[in-house]
Amino acid sequence: MTKYHLKCLNCGHDFDFDYNQFVGISKLGIVMRYGPNSFSVKCPSCRKRERYDVSDEDVVE
C-alpha cells in the first residue's frame, strides 16, 4: 500500500489517500484502477470522483 498526497481537481481540497492496486474498496469508496499509477476516487470534501495519475513525487512518507 502506498500513501499519495492528492489535490481534488474539482474543489482544490488537499488529502492523502492510501492506494492499494490489489484492493478495489477504500475508506473513500470504490477505487477504479486504470493502471499501476492511475486511478479514480471520490474527494472526501466535495464527493466528486476524479481520475488521478500519480508519480513518486506524490508519495507521502
Side-chain angles (χ1 to χ4, degrees):
M1 186 173 336
T2 306
K3 183 180 277 192
Y4 291 104
H5 184 75
L6 305 174
K7 184 170 189 164
C8 179
L9 304 173
N10 183 57
C11 72
H13 178 72
D14 286 310
F15 62 100
D16 291 338
F17 177 67
D18 291 322
Y19 177 63
N20 184 335
Q21 67 182 16
F22 302 110
V23 178
I25 303 263
S26 75
K27 65 181 179 179
L28 296 178
I30 295 172
V31 178
M32 302 186 80
R33 294 183 292 275
Y34 302 102
N37 296 320
S38 182
F39 56 87
S40 71
V41 68
K42 288 183 181 179
C43 170
S45 180
C46 70
R47 305 297 295 161
K48 297 238 178 181
R49 179 174 294 280
E50 297 291 343
R51 181 174 175 171
Y52 298 95
D53 294 309
V54 294
S55 68
D56 291 341
E57 294 174 2
D58 302 309
V59 174
V60 176
E61 295 183 26

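The figures here come from the full heavy-atom set of this structure, side chains too, leaving out hydrogens, waters and symmetry mates. Positions are given from 1 along the sequence. Keep in mind the model is a prediction, meaning the values are calculated, not measured.
- No chain of hydrophobic side-chain contacts below 4.5 Å, direct or via other Ile, Leu, Val, Met, Phe, Trp or Tyr residues, connects Val54 to Met32.
- Note on Leu9: it clusters hydrophobically with Tyr19, by side-chain heavy-atom contacts below 4.5 Å among ILVMFWY residues.
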Can you list the steps and then say if Cys11 with Cys43 is a side chain to side chain contact (heavy atoms under 4.5 Å, CB included)?
CA-CA 9 Å; Cys11 72; Cys43 170; 3.8 Å; yes

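- If you look at Tyr52 and Phe17, their ring centroids are not closer than 6.0 Å.
- Between Ser45 and Cys8 there is no side-chain heavy-atom pair separated by less than 4.5 Å.
- Applying the side-chain hydrogen bond (donor to acceptor under 3.5 Å, both in side chains) test to every pair with at least one member in residues 33-42, sequence neighbours left out, gives these pairs: Ser38-Arg51, Ser38-Asp53, Ser40-Arg49.
- Grouping the Ile, Leu, Val, Met, Phe, Trp and Tyr side chains by contacts below 4.5 angstrom, directly or via other members, places Leu6 apart from Ile30.
- Applying the side-chain hydrogen bond (donor to acceptor under 3.5 Å, both in side chains) test to pairs two or more places apart or on separate chains, those with a residue in residues 1-14 are His5-Asp16.
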